[in-house]
Amino acid sequence: MSTLDVARTELALAVLYLNKAEARDKICRAIQYGSKFVSNGQPGTAQNVDKSTSLARKVFRLFKFINDLHALISPVPQGTPLPLVLLGKSKNALLSTFLFLDQIVYLGRSGIYKNKERAELLGRISLFCWMGSSCCSTLVEAGEIGRLSASMKKIERNHRDGDIFQNAEYRAKVQKSRERSLALIKSALDIFVAAGLLQLSPKKITPRVTGALGFTTSLISCYQLLPSGPKAKTA
């Protein structure tokens, strides 16, 4: 394959990636929290970028609550333990509520919805919903990693000859475990990001800490959205 063909392929993957509204949202999220880290809550250019990017991101999330509403009423895979089912559905309900209330916050900040006090109140409620969904997601990922670990040990016990990584099922479970471990880290860090935005512990979770954690989870989200080809190469 020539250099031009390689460049063409890479550009095609970049176009495919940037055509996703979710990918653009996460890139803007990285800019938002990176600016928050730089500003540390102090007035200036970085804080202006933080606020303007935060408002711009809300456009990408218009009607996005429908996704989690659909997941909420969709059937779950057979064999999933009831606690994980309940946690997963709670996560969908809380995240859908967060995204729905976020639409009202957007209307308030853009000047369409005039009751600013109510919009701010709904904004805090939406952040608590996001924190709750992150807690549920953390517990779900931890539970699923435990289930994967148990099934991998079962394969190891039954595997006798040769390299176990020659087993396609085992390789798939290892890959899935890695992906869920990354999702676990992201959701756990997002709990502290939400706590920082709500100023639940302003002395410990400062705007700079919130910005650093939010920037980290944004990069994880950007990586998770990569097309399968480059993602496999990176791994």
Side-chain angles (χ1 to χ4, degrees), residues 1-38 46 48-72 74 77 88 91-92 95-96 98-100 102-103 105-106 130 133-134 137-138 140-141 144-145 148 168 171-194 197 210-235:
M1 185 180 287
S2 67
T3 305
L4 183 59
D5 290 333
V6 172
R8 231 186 250 121
T9 302
E10 295 296 332
L11 283 174
L13 289 170
V15 170
L16 179 66
Y17 182 73
L18 293 173
N19 277 342
K20 298 178 182 178
E22 186 75 10
R24 293 197 299 273
D25 176 39
K26 298 310 178 187
I27 292 171
C28 288
R29 188 178 191 267
I31 296 170
Q32 175 194 344
Y33 282 103
S35 302
K36 188 181 290 294
F37 172 79
V38 173
N48 292 337
V49 173
D50 174 15
K51 291 181 178 179
S52 60
T53 310
S54 175
L55 185 61
R57 283 186 61 222
K58 296 186 186 301
V59 178
F60 290 115
R61 300 202 296 262
L62 286 173
F63 302 108
K64 191 179 174 182
F65 67 92
I66 295 175
N67 294 354
D68 281 277
L69 192 60
H70 178 262
L72 179 64
S74 297
K91 168 199 163 187
N92 295 137
L95 194 55
S96 181
F98 158 67
L99 292 167
F100 176 76
D102 199 52
Q103 313 292 283
V105 175
Y106 168 70
W130 180 45
S133 73
S134 296
S137 181
T138 301
V140 168
E141 296 301 339
E144 290 293 354
I145 289 170
L148 281 169
R171 288 200 310 272
K173 288 184 182 295
V174 168
Q175 180 62 28
K176 196 69 178 174
S177 180
R178 289 173 180 169
E179 291 173 358
R180 287 199 174 276
S181 296
L182 191 62
L184 173 64
I185 294 169
K186 175 183 172 295
S187 56
L189 291 179
D190 273 338
I191 296 172
F192 294 99
V193 175
L197 294 175
T210 304
L213 295 176
F215 184 74
T216 302
T217 57
S218 299
L219 292 182
I220 292 173
S221 296
C222 289
Y223 171 76
Q224 290 173 324
L225 291 168
L226 282 173
S228 57
K231 193 171 180 178
K233 291 177 184 176
T234 305

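Since we're looking at a predicted model, the values are computed, not measured. Counting from 1, the numbers follow the sequence of the chain as shown.
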Enquirer: Just verifying a value: how many Å separate Gln32 CD and Ser54 OG, rounded to the nearest 0.5 Å?
Expert: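 Separation between the atoms: 4.5 Å.
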Enquirer: Between His70 and Ser74, does a side chain to side chain contact (heavy atoms under 4.5 Å, CB included) hold up when you go through it step by step?
Expert: CA-CA 6 Å; His70 178 262; Ser74 297; 3.4 Å; yes
Enquirer: To check you understand the geometry: which heavy-atom pair defines the closest contact between Trp130 and Ala194, and what is its length?
Expert: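 Minimum heavy-atom contact is CE3-CB, 3.6 Å.
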Enquirer: Please answer whether the main-chain N or O of Ser187 pairs with a side-chain N or O of Glu141 as donor and acceptor at a distance below 3.5 Å.
Expert: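 Judged by distance alone, no pair lies under 3.5 Å.
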Enquirer: Quick one: pull up CG in Leu197 and OG1 in Thr210 and give me the separation to the nearest 0.5 Å.
Expert: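 Going from CG on Leu197 over to OG1 on Thr210, the span is 6.0 Å.
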Enquirer: Of the non-hydrogen atoms in Val193 and Gly214, which two are nearest, and what is the gap between them?
Expert: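 Looks like CG2-N, 3.6 Å.
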Enquirer: I'd like to check the side chain to side chain donor-acceptor pair (under 3.5 Å) partners of Asp190; sequence neighbours left out, ordered by chain and number.
Expert: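 Asp190: side chain to side chain donor-acceptor pair (under 3.5 Å) contacts with Arg29, Lys186, Thr217.
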Enquirer: Can you check whether Phe60 reaches Cys28 side chain to side chain, under 4.5 Å on heavy atoms?
Expert: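 Side chain of Phe60 against side chain of Cys28, heavy atoms only: contact under 4.5 Å found.
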Enquirer: What's the spacing between Asn67 CG and Leu72 CG if we round to 0.5 Å?
Expert: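 Interatomic distance, Asn67 CG to Leu72 CG, rounded to 0.5 Å: 12.5 Å.
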Enquirer: Not counting sequence neighbours, which residues clear ring pair (Phe, Tyr, Trp, His ring centres under 6.0 Å) with Phe100? List them please.
Expert: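 Scan of Phe100 (ring pair (Phe, Tyr, Trp, His ring centres under 6.0 Å), adjacent residues dropped) gives Phe65.
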Enquirer: What is the minimum heavy-atom distance between Arg61 and Leu99, and which atoms define it?
Expert: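 Result for this residue pair: CD-CD2, 3.7 Å.
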Enquirer: With sequence neighbours left out, what residues match Lys58 under side chain to side chain donor-acceptor pair (under 3.5 Å)?
Expert: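 Lys58 satisfies side chain to side chain donor-acceptor pair (under 3.5 Å) with Asp102 only.
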Enquirer: Mind checking the CD1-OG1 spacing from Ile27 to Thr53? Nearest 0.5 Å is all I need.
Expert: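 OG1 of Thr53 is found 12.5 Å from CD1 of Ile27.
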Enquirer: What pairs with Thr216 under side chain to side chain donor-acceptor pair (under 3.5 Å), at least two apart in sequence or on another chain?
Expert: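 None.
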Enquirer: Is the backbone of Asn48 close enough, under 3.5 Å, to the side chain of Ser52 for a donor and an acceptor to pair up by distance?
Expert: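 Pair found, side chain donor or acceptor close to backbone of Asn48.
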Enquirer: I'd like to know if the side chain of Thr138 reaches the main chain of Ser134, judged simply by a donor and an acceptor atom lying under 3.5 Å from each other, with no hydrogens or angles considered.
Expert: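 Between the backbone of Ser134 and the side chain of Thr138 there is a qualifying donor-acceptor contact (under 3.5 Å).
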Enquirer: Go through it in stages, so that I can follow the logic: the residues are Lys26 and Cys222, the test is side chain to side chain contact (heavy atoms under 4.5 Å, CB included), and I'd like the CA-CA distance, side-chain angles, deciding distance and then a yes or no.
Expert: CA-CA 6 Å; Lys26 298 310 178 187; Cys222 289; 3.8 Å; yes
Enquirer: Not counting sequence neighbours, which residues clear side chain to side chain donor-acceptor pair (under 3.5 Å) with Arg171? List them please.
Expert: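 With neighbours one apart ignored, the set is empty.
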Enquirer: So, taking the atom named CZ in Arg57 and the one named CD1 in Ile31, what distance separates them when rounded to the nearest 0.5 Å?
Expert: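 If I round to the nearest 0.5 Å, the distance is 10.5 Å.
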Enquirer: Can you see which heavy atom on Gln103 is nearest to which on Phe63, and at what distance?
Expert: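 Reported closest heavy-atom pair: OE1-N, 3.1 Å.
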Enquirer: What residue pairs, at least two apart or across chains, pass side chain to side chain donor-acceptor pair (under 3.5 Å) with a residue in residues 13-22?
Expert: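 Residue pairs passing side chain to side chain donor-acceptor pair (under 3.5 Å), neighbours aside: Glu22-Lys64.
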Enquirer: Let me confirm one number: the NZ-CG distance from Lys176 to Leu148, rounded to the nearest 0.5 Å.
Expert: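 Here the rounded value is 8.0 Å.
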Enquirer: Quick one: closest heavy-atom pair of Ser35 and Val49, and the distance?
Expert: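 Looks like OG-CG1, 3.1 Å.
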